[in-house]
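Everything below concerns the one structure shown next.
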Amino acid sequence: MKFWSQYFIPTLKESPADAEIASHKLLVRAGLVRKLGGGLYTYLPLGLRVMQKLTQICREEMERGGAIELWMPHVHPAEQWEQGPRWAAAREIMFRVDSAGSGKGRAKEPEYVLGPTHEEVITPLIKAEITSYRDLPKNFFQIATKFRNEIRPRYGLMRAKEFVMMDAYSFDADDAGATKSYLAMKAAYENFFRRIGAQAIAVEADTGVMGGSFSHEFMVPAEVGDDDVIYNEESDYAANREKATSALVPPDLKDAPPSGAIEEFATPGIVTIAALEAVPYSVPADQQFKTLVYMGDGKPFLVILRGCDELEEAKLGALGFTLRRPATAEEIEPVLGAKPGSLGAVKGSIKNPAALAGIFADHAIRLVGNGTTGANKDGFHLRHVNVVRDLAITQFGDFRRVRPGEPDPKSGQPLKVRRGIEVGHIFKLGTKYSEKYNAVYTDDQKQSHLMIMGCYGIGISRTLQAVIEQSHDADGIVWPWLAAPFQVLVCVLDPQLPEAMELAKKIGVAAEQAGADVLIDDRAERPGVKFKDADLIGIPLRVTIGGKGLKEGIVELKWRTKKEVVKIPIAEVEKQLAEAVVQASAQA
RNA sequence: CGGGGUGUAGCUUAGCCUGGUAGAGCGCCUGGUUUGGGACCAGGAGGUCGCAGGUUCGAAUCCUGUCGCCCCGACCA
């Protein structure tokens with residue numbers, strides 16, 4: 001039981017100028033956090049309590065899902081990462097630490113880095129400690145502060161440089177076991193988000209820099225989210241935009257026969273799809289081939305799309321390059337023979353085909369059949385280009401960005417799009433890390449095998465804010481029962497009356513015994529201030545003790561989610577409150 | 001890192017264009033009146049106008065640089 005006057009809940013009437021979204025404003029106004037610097041926040045007592053609620057529930061669900069808690073350092077020797085598979089890709093976001101005057105002369109490489117996640121730490125650990133199939137499977141987790149030097153911190157805790165994350169790593173003897181571990185974690189996540197009152201949905205996701213074979217993101221739908229979720233509720237299809245596909249190309253599509261011999265025609269100054277669509281050329285975008293050039297680990301490669309489609313860059317990850325970026329005009333011309341705007345992939349038109357790492361085409365270009373593309377000659381295009389006959393394609397794949405309204409891949413229903421906040425991510429990693437660190441075990445036939453890994457993360461601090469974003473009204477936060485810093489607020493309007501405070505303590509004890517955390521507002525403030533603050537900090541259940549009520553022999557009970565106030569005789573309040581607490585706990 | 005914006009009291013801000021004693025609201029302190037949805041009256045404390053240069057008789061205001069913060073883009077829990 002905490003007494004407000006002795007506690008520390010600095011609420012604000014006005015929102016800080018740097019807060020843009022509702023949850024960020026409320027975090028500050030309700031006295032949960034204060035900013036130290038960009039992406040760096042102090043958790044005030046109330047904010048810390050919520051964090052502790054979330055971590056404890058997360059811990060319980062992870063343990064129920066078979067994971068074992070441990071704790072790893074967050075200062076990592078840089079060598080640990082240099083030996084790992086993603087140093088090149090991850091070093092940008094890592095804080096570097098150098099012990100002063102170490103004299104090691106490592107001008108370019110840091111001595112230590114602060115951990116953004118822990119695959120590079122746990123995999124060598126498990127390689128050293130686990131060598132037998134008898135000790136598998138194992139799944140380890142920790143709940144700890146993570147460090148990422150976000151280029152652009154945003155929205156309070158939503159994207160911070162230092163944040164709290166639960167990260168878990170599973171090790172299995174075989175693929176079936178790894179899938180089982182993955183599904184156990186998926187269930188644990190679902191339980192966690194359900195218990196804390198967050199409406200999070202699992203969507204198929206891109207594996208990104210983590211690598212691995214498949215993955216789900218847990219998204220809290222919210223307008224302020226950073227990600228687009230492509231979904232259709234009837235078919236149950238849901239995927240991150242980076243991963244989403246559609247059934248645009250019918251499986252039985254027959255490739256169009258050539259419409260004629262390739263014809264070159266002059267297009268002086270025409271370097272965009274839109275310009276070629278206009279008169280006098282009048283070539284619809286969906287009758288054009290778009291040719292993009294990227295650099296993959298230093299070698300250029302081509303991506304061919306329909307003129308009307310956009311590249312979904314994340315899908316290029318499937319090609320397996322470690323480092324990838326758009327090519328510059330200077331890099332393109334010597335290889336293709338023309339500047340961007342006149343590029344194409346027609347056999348024989350490419351100046352130096354041997355320099356290319358490949359030509360990758362989106363399936364959807366088969367819908368074009370015969371189209372127009374650049375001639376690899378500035379100011380010229382080619383028409384009657386046939387996909388099968390003329391394009392030098394290495395491999396077809398899914399590279400285009402889906403659009404709302406396209407048929408979903410499960411049922412053909414139109415796809416929809418909405419924004420979401422990514423609060424959790426699970427990956428089936430496979431052997432990417434175990435291979436790199438040679439994490440092997442011996443089976444019962446004395447054979448060595450690579451362990452199959454999975455990794456799992458929940459952004460606890462981000463989840464805290466996502467819950468607020470999802471659960472607030474004009475007056476303040478509306479905490480779900482188990483996420484709330486306190487479940488019961490006893491609001492004493494006349495704390496100078498000894499009998500009022502006596503009753504408040506009795507009620508508080510009863511609520512605590514029923515399993516609630518109790519805050520007593522005993523401040524010498526006017527009732528209006530107390531009610532406003534109560535709504536702002538969003539405690540689910542409020543008990544009001546007023547001078548008038550005391551005379552009438554009643555107190556008031558009000559849920560934060562409801563408008564009505566229930567008057568209860570003082571003699572019954574302890575019992576009724578205890579029942580309400582027990583019931584709310586049972587439902588949560 | 002590219003583009004845009006902004007920095008004035010603990011918080012929210014006016015003043016800047018057009019240079020001339022730095023203002024308000026909230027919060028805080030004192031006293032009084034109030035007391036069921038952010039009370040009122042009276043008095044009071046609190047500001048190197050982000051920092052450093054420059055222009056000027058004179059700079060919060062104009063110029064240059066620099067730092068912080070916010071927004072848009074690429075990345076992520």
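In the text below, chain A, chain B and the rest are named by the order of the sequence lines, each starting its count at 1.
At a non-hydrogen distance threshold of 4.0 Å, A:Glu150, A:Ile151, A:Arg152, A:Arg154, A:Tyr155, A:Met158, A:Arg159, A:Ala160 from residues 149-161 of chain A come into contact with RNA chain B.
Donor-acceptor pairing under 3.5 Å is recorded for the side chains of A:Thr179 and A:Lys428.
In this structure, A:His118 places its NE2 atom 19 Å from P of B:C76, rounding to the nearest Å.
Residue contacts for A:Ser461: at a heavy-atom cut-off of 4.0 Å it reaches no nucleic acid atom on any strand shown. At a threshold of 4.0 angstrom between heavy atoms, the contacts of A:Pro16 are confined to the sugar-phosphate backbone, with no base atom among them.
Here A:Phe214 and A:Tyr182 bring their ring centres to under 6.0 angstrom of each other. Checked against the 6.0 Å centroid threshold, A:Phe321 and A:Phe301 count as a close aromatic pair.
Base pairing of B:C1: its partner is B:G73, meeting the Watson-Crick or G-U wobble criterion (both donor-acceptor distances under 3.5 Å).
Classification of the A:His425-A:Phe427 ring pair by plane angle, with boundaries at 30° and 60°, yields parallel.
Taking atom P on both nucleotides, B:C63 is separated from B:U56 by 16 Å, rounded to a whole Å.
Side chain A:Glu14 to base B:G25: a donor-acceptor pair is found below 3.5 Å.
Relative to the ring axis of A:Phe486, A:Arg49 places its NZ or CZ within 45° and under 6.0 Å from the centre.
Proximity of A:Lys146 to the phosphate of B:C76: no side-chain N or O atom is located under 4.0 Å from OP1 or OP2.
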How would nucleotides 33-45 of chain B be written as a contact map, 5' to 3', with B for base contact, S for sugar-phosphate-only contact and - for no contact, using protein heavy atoms under 4.0 Å?
-BSBBBB------
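Here the side chain of A:Asp226 is nearest to one of B:U13, B:C76, B:C11, namely B:C76. Of all nucleotides listed (B:C69, B:U12, B:C75), B:C75 comes nearest to the side chain of A:Ile93.
Counting only heavy atoms from C-beta outward, the side chains of A:Arg400 and A:Glu312 never approach each other to under 4.5 Å.
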